2 protein chains.
Amino acid sequence: MSVSKPSIHDVATLANVSKSLVSLALMGSPKVGEESRAKILVAAETLGYRKNAAARTLAAKRSKTIGVLVLDLHNPVFAEILDGVQIEMRKNGFTTMLVSGGEDPVFEQSDIETLLQFQIEGLILISHRLAPERLAAIAAEVPTVVVTRSDIQLPAMDTVSNDDVAGTGLAVDFLVTLGHSKIVCLSGGENPPSNSRVQGYLQAMERNNLSESARVVPGGLSDATGYAAATKALKLSPTALVVANDFAAMGAIAAIQEAGLRVPEDISVIGYDGISIGGLKNVNLTTVSQPLAELGTLAATRLVERINNPKEPAKQITVSAQLLVRGTTKEPTGATELAN
Amino acid sequence: MSVSKPSIHDVATLANVSKSLVSLALMGSPKVGEESRAKILVAAETLGYRKNAAARTLAAKRSKTIGVLVLDLHNPVFAEILDGVQIEMRKNGFTTMLVSGGEDPVFEQSDIETLLQFQIEGLILISHRLAPERLAAIAAEVPTVVVTRSDIQLPAMDTVSNDDVAGTGLAVDFLVTLGHSKIVCLSGGENPPSNSRVQGYLQAMERNNLSESARVVPGGLSDATGYAAATKALKLSPTALVVANDFAAMGAIAAIQEAGLRVPEDISVIGYDGISIGGLKNVNLTTVSQPLAELGTLAATRLVERINNPKEPAKQITVSAQLLVRGTTKEPTGATELAN
DNA sequence: ACCTTTCGTTGGAACGTTCCAACAACTATG
DNA sequence: CATAGTTGTTGGAACGTTCCAACGAAAGGT
């Protein structure tokens, strides 16, 4: 009944039991007598008692908390993955601590340091910019699952990602089915997922016997870089563009329209990721959509498994992407003329 | 040198000093001798020592941590506000714990409960769906700053928000300057910020002597609701639309285009918020932009002040919005014809 | 040479929990 | 009727820090 926050001890004296029994009751132990349990619950309620997570963590030697680092909170892709993570973690009784380094490896490192100070039991990295050796050091300290990147594989680290090669293949195959052959790829720059997507493009062009018309224009993952890359790509007079991600695809569309051409009548465009704004009525972007929330839940369930059974070997989980046909793709006009 | 994580005590024995001195050194106390400090730092480094935040919080009786609840991580508005918060909090040596209730008041409540268990010293609510009495209970327990909503004011709670009435006025005034008079407002539904924006529209129409042509069409804050509202609004044959937020404005634009009209040639559209995707080249939305990051830093500095000086009275801080003219506004074609 | 201050350092108490061994009061067992 | 469980409860130790009062040594003032 002190002036400061009530502790378990205050609850105990009010309920006329020992502090140990209060602890047991609040943890939901079945060994607590019905009568005492009721008394304790009432006492806790009247005092407005709230558990002290710091003390709990210290005494129990486990925090029931996991950390999540996301590359960039501005990109809705990550919010959707996070949804999946949160839902699953709540189910398993874990608290999620979320940090974002804002694409800066230095911040990422110090944020992870903070998470570790909070005694997190596991870590999910939703994309990251960490060097492999830093990653290895982290994975050695705490069970770690990396989402979205599968390029770095470590024995102690799980990965959950989509199959970029196959996904991009889906896009190319679809365009070929529509009758396109002058299909240009705008790359996402020099980073692992983008490389796989280019790979997927090249393989798909080959299997459709279009190897010699395959063209890759270097680009990036943002609106602006997509715009710039598309401007260059237009000189190749393509009938379709396969772009590294949805943001860049939106930039590409702007470039096409500014050049006086129409999407999809003159040029078809396909993005990658399936971000929700791509579905906005005035965007309506055809895209290869990753099951984002599913990536999140998979990562979370995997991490929980790992926490409960640390000696289990790491897994590499791959989910398949899916083509989402919306309004930016169409048969090429005058297919014969362009068949060349 | 135990098998488990090194504690301050392990560092002490290795450096041949007392644990108290290690604590002092690691907190950066100036009373520690130069020689000892060096020894301790080396020892900590070689052991890979890391502070235990739980123990620290327990002993120091303060967590150096604040909590942030955001309404919805999918909406980039909130990510941008968060940027401001994070930067400022880092500067002040606080760790930020981020949670999102996903627009569900029940989750919001339980998330805040979790934050309080972690002994947060302050709370920032970036929009919320909490009932006023819940809010009051929370603000009574921990210094609280509400960002984006200024409708509920409590003696123990600061608010930081933009002036929606003035902001919407800016949009209307600009359209009038361009020569528009048939300006229709698409509301954002029944919630406090949306009501203020409608208010701002009505006041601005009045001061421009356009009261009798003022029309408000009920809508919402999403793409879909904006689309629906715009479809209805078109029957009023407006030359310009003032929309509750950017997402709804994008929906509205789609509706206009589907009706065979062009933006901005036939109808001008202005949104509200200034989300970054509004700047994408193929969106290019004219909007009333809030200084989002600034809202964040203001909230954070305010909270730190409050934590350091709890008896200070609460403040209501208002920042002004700014018109961001991009590509969805233009003089009405044949202004005379439409002047009516 | 003495007292006083300053500097660097120390052990121990606290913080609010969980965990464990121990125990009293019953109930069942042979 | 003694023994063995079972059920509910308990005090105390531990967790890894910070904080505080206290202290020895060196330095300064008279």
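Remember, predicted model here, so these are calculated numbers, not experimental data. Numbers restart at 1 for each chain; the letters A, B, ... are given by sequence-line order, proteins then strands.
Legend: side chain to side chain donor-acceptor pair (under 3.5 Å) pairs involving residues 291-302 of chain A, not counting sequence neighbours, sorted by first then second residue: A/Asp158-A/Arg302, A/Arg302-A/Glu305, A/Arg302-A/Glu312. For residues 22-34 of chain B, there are no side chain to side chain donor-acceptor pair (under 3.5 Å) pairs, not counting sequence neighbours. For the side chain to side chain donor-acceptor pair (under 3.5 Å) condition, no pair includes a residue of residues 35-47 of chain A, sequence neighbours left out. The list of side chain to side chain donor-acceptor pair (under 3.5 Å) pairs with a residue in residues 59-68 of chain A, not counting sequence neighbours, reads A/Arg62-A/Glu121. Among residues at least two apart or in separate chains, there is no salt bridge (charged side-chain N to carboxylate O under 4.0 Å, His left out) pair with a member in residues 70-85 of chain A.
Residues from residues 28-40 of chain B with heavy atoms under 4.0 angstrom of DNA chain C, sorted by number: B/Lys31, B/Val32, B/Gly33, B/Ser36.
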Assign a letter to each nucleotide of nucleotides 10-20 of chain C from its 5' end: B, base within under 4.0 Å of a protein heavy atom; S, sugar-phosphate only; -, no contact.
BBB--BBBBB-
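Partners of B/Arg50 according to the salt bridge (Lys or Arg N to Asp or Glu O under 4.0 Å) rule, which considers only residues two or more places apart in sequence or in another chain, are A/Glu113, A/Glu141. Legend: residues meeting salt bridge (Lys or Arg N to Asp or Glu O under 4.0 Å) with B/Arg149, ordered by chain and number and at least two apart, are B/Asp151. Scanning for salt bridge (Lys or Arg N to Asp or Glu O under 4.0 Å) contacts around B/Arg56 gives an empty result, with sequence neighbours left out. Checked against salt bridge (Lys or Arg N to Asp or Glu O under 4.0 Å), A/Lys91 has the following partners two or more places apart in sequence or in another chain: A/Glu88.
Side chain of A/Glu108 to backbone of A/Leu69: no donor-acceptor contact under 3.5 angstrom is found.
Five base pairs at each end of the helix from C/dA1-D/dT30 to C/dG30-D/dC1 define two local axes, and these are offset by 40° (rounded to 10°).
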